[in-house]
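Below is one structure, written out as structure tokens, with a few remarks after it.
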There are 2 protein chains.
Amino acid sequence: MTQTTVRVGKSLRPQGKVRQEDARRHHRTLLLQHLFRTGAASRADLARTSGLTRVTVSDLVGEMLADGLVEELGAPAEARVGKPPTLVGMVVDSSHVVSLDLSSVDTMQGAVMNLAGAVVDRAEVSSGGARGTDAVALAVELARTLVERSGRPVLGIGIGSPGIVDDRGTVLDAPNLGWHGTDLAGEVAAATGLPVHVANDANVAALAEHTYGGAAEGGLLVLRVGFGVGAGLILEGVLLHGHAAAAGEIGHVTAEDDGEPCACGRTGCLETLLAVPRLRARLAAADDETALLAATGARLGEVLAPIVGALNVHELVLTGPLDLLDGALRDAVTTTLRRRVMAVTSDSLTVRTSNLGDDVVLVGAAGLVLAGELGVS
Amino acid sequence: MTQTTVRVGKSLRPQGKVRQEDARRHHRTLLLQHLFRTGAASRADLARTSGLTRVTVSDLVGEMLADGLVEELGAPAEARVGKPPTLVGMVVDSSHVVSLDLSSVDTMQGAVMNLAGAVVDRAEVSSGGARGTDAVALAVELARTLVERSGRPVLGIGIGSPGIVDDRGTVLDAPNLGWHGTDLAGEVAAATGLPVHVANDANVAALAEHTYGGAAEGGLLVLRVGFGVGAGLILEGVLLHGHAAAAGEIGHVTAEDDGEPCACGRTGCLETLLAVPRLRARLAAADDETALLAATGARLGEVLAPIVGALNVHELVLTGPLDLLDGALRDAVTTTLRRRVMAVTSDSLTVRTSNLGDDVVLVGAAGLVLAGELGVS
DNA sequence: CACATTTGTTAGTTCATCGCACTAACAAAC
DNA sequence: GTTTGTTAGTGCGATGAACTAACAAATGTG
């Protein structure tokens, strides 16, 4: 939880000074970012892409070599004029990341991942309806187990939690887990002594799609359908948190006039149509399942259209149970959006399901740590 | 148009190195920002708020004194223990900004403003339906006139234009003015030799509300109703441009099923209900004007609800003709939003009209220059 | 084989900032 | 009137990061 004033890799507000130490860290990150995204490269190559001198790059790479973060990989195969370069690559197993997904209904998922975002080890606990401090204890225990099981130094712990999470990792409100103003990051950090990053599960999923899911540049909207319905937005390459950390709470926007009652006290919220338990119940009672899915998709499209139009979203990713989301529902969303949003925007719009399967949140939580600790994304 | 790699005050992507020169500029900006927002302060005060040393602050202030950007104002009235400080304040008339508002239907508005955003001089030309290069020539001429009339050095030119504008100041598409891929910034810069900043009028209006309109922190959505309908968004203190610079094109989101035909080729777009000429025509034909305004407001609320909910917008500002926007329409928007958006969000939501009157775009365009050239916002 | 080309390193320089020490100016207490 | 304590602002040397210049090593080319 030791964090410098300036967070490199996220947006830098003009609210802090830039010590030269910060600048150096930023440059280190810059190089690491390149190695992370485009693979191994020579020092000279890094110098060219970063704009720094070969001297400076050498110095920084030396530092990272000493830290075990990168390693020399020898000369590349192809022979060219001049002295052959020495490739430098990230050591994806130099340290690990522990990530938790608390958004499932009955279980808490956990994993140990390497720096490339690959799952190295897994664990899960049945939550058995635990709430409040009990639920916190379960999460802490799961994290601790995984940290111990990982043979490597752990860079940090990333957690995707349902509900509203502020930027310090406090869960302001998560009804399912009975958390209200619960300092989840603090608890886990105290128990493990490691940096902890927590964010809303939908936001985390968006980060995962952006970093690992092969999402194109441009606005990205990830809709996460589970016990509730949430949205995560990546705009201009940056994850949107929202001021009171409540961005993405799309589940309680009205989607249907005179609809069914919702837990929030109003009626016709998007969740009453789309949340997995609600939708399954409605399907069970329906004559024509496909028609119901299509109608639901159309409603969803109507809710999303203003967002897609106003923010120029280029890619919409649906995450959740594929049997519900991938067929008629997705098609209906797509056609509704195309019909309701200006051609300039909707022509270039892709609607798809996640490439990352059930691990979206785990992968994204790991990405949260990489972004926070290494500035890599 | 000489601009360093790092733009302070906007989001800093990890795509450029940070030269120490940049860091120094950033720190200068930091101090200026404080003077700009909270008025005069002593060097020691600046040191405390910025986290820099008194030495460094003295050095930077000395630089700015030499540039004529700030001036010493003597000691403050109240007497305290210790040596009385020397207040330093921005010289609001050290240089001027020329700004243009091209979003009116028949005229192009222009103004000379000081660094505090006050109008010093005005001019306007009747556009007389000019389009394409003729319209560009008119804008160039208006800018040139104002630059000449200003007795001070001009910091730059800011332009709020309708249509889609990319970040380099090229108007990609503005049907009303017949511009398609028109390099407006380039033309004006070539004619005046000054830095030019162009953005969409709604975005510019949002910037104005954020900087000068007393907007609270938190998400801000500015809806601009004129010949067309556009939206500008400030999230996490930063103006959202959208990837293909088309953010804010909310006018062509469908607001009504089976609605009236729109210029874009579809039907029921928000513009067909809300754009000033369309709305006036509908009012003229209506029996009950108030009812029509309320119905229109309700539709608008339905379109905005998903955006307000998903982005946690705290403040909605309506700009445009007040006789249309301020009464029944605004009330209907407010109640619709409160009904359709989760309480957490909508309780803290303010819906209001602009505090800046007809000058929103002019003021915002000036702000664009201040943000771009001085990093102040 | 001489030579150009590219990589990576060494040595010395520039630049922004910091810590420290200093002077200046004043209020309050005696 | 003097002393004490506090705050403001300014020199000066030190530090740390990144730069330029120069060069050795390794390799293809004519």
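The chains referred to below are lettered A, B, ... by the order of the sequence lines, with proteins before strands, and numbering in each begins at 1. Keep in mind that the numbers below use all heavy atoms, side chains included, and drop hydrogens, waters and symmetry copies. The structure displayed is predicted, hence computed values, not measured ones.
Nearest to the side chain of A:His27, among C:dG8, D:dA18, D:dG9, sits D:dA18. Nearest nucleotide to the side chain of B:Gln20, out of D:dT7, C:dA16, C:dC20: C:dA16. In the set D:dT6, D:dC12, C:dA25, the nucleotide with an atom closest to the side chain of B:Val55 is D:dC12. Listed nucleotides: D:dG28, D:dA8, C:dT7. Nearest to the side chain of A:Lys83: C:dT7. Nearest nucleotide to the A:Ala44 side chain, out of C:dG8, C:dA16, D:dT10: C:dG8. Here the side chain of B:Arg43 is nearest to one of D:dT10, C:dT9, D:dC19, namely D:dT10. Nearest nucleotide to the side chain of A:Thr56, out of C:dG8, D:dA18, D:dG9: D:dA18.
For the pair B:Lys17 and D:dA17, the criterion of a side-chain N or O lying under 4.0 Å from OP1 or OP2 is not met.
Classification of B:Arg43 and B:Glu72 as a salt-bridged pair holds, one side-chain N sitting under 4.0 Å from a carboxylate O. Salt bridge annotation for A:Asp59-A:Arg54: absent, with no cationic side-chain nitrogen under 4.0 angstrom from a carboxylate oxygen. Between A:Asp67 and A:Arg28 there is a salt bridge, since at least one side-chain N of the basic residue sits less than 4.0 Å from a carboxylate O of the acidic one. Ion pairing between a basic and an acidic side chain is recognised when a charged N comes within 4.0 Å of a carboxylate O; A:Asp45 and A:Arg48 show such pairing.
Put simply, CD on A:Glu21 is 12 Å from P on C:dG19, counting in whole angstrom units. Atom pair A:Arg19:CZ and C:dG19:C1' shows a separation of 15 Å (rounding to whole Å applied). Here C:dC15 presents its P atom at 16 Å from CG of B:Leu60, a figure rounded to the nearest Å. Atom CG of A:Leu30 and atom P of D:dA18 are 11 Å apart (whole Å). Whole-Å rounding puts the A:Arg24 CZ to D:dT15 P distance at 17 Å. One atom, CG of B:Leu31, and another, C1' of C:dA16, lie 14 Å apart when rounded to the nearest Å. Between the CG atom of B:Leu52 and the C1' atom of C:dC18 there is a distance of 11 Å, rounded to whole Å. Separating the CD atom of B:Glu72 from the C1' atom of D:dG9 is a distance of 10 Å, rounded to the nearest angstrom.
For the side-chain contact (heavy atoms from CB on, under 4.5 Å) with A:Leu31, the lone residue among A:Val88, A:Thr49, A:Leu46 that qualifies is A:Leu46.
No contact: B:Arg28 has no heavy atom under 4.0 Å from any strand.
The residue among B:Thr86 and A:Thr53 whose nearest nucleotide of DNA chain D lies closer to the 5′ end is B:Thr86. Summary of the strand contacts: B:Gly82 and A:Gly82 both lie near DNA chain D, and taking for each the nucleotide with the nearest heavy atom, the more 5' one is attributed to B:Gly82. For B:Arg54 and B:Asp59, each mapped to the nucleotide of DNA chain C holding its nearest heavy atom, the one lying further toward the 5' end belongs to B:Asp59.
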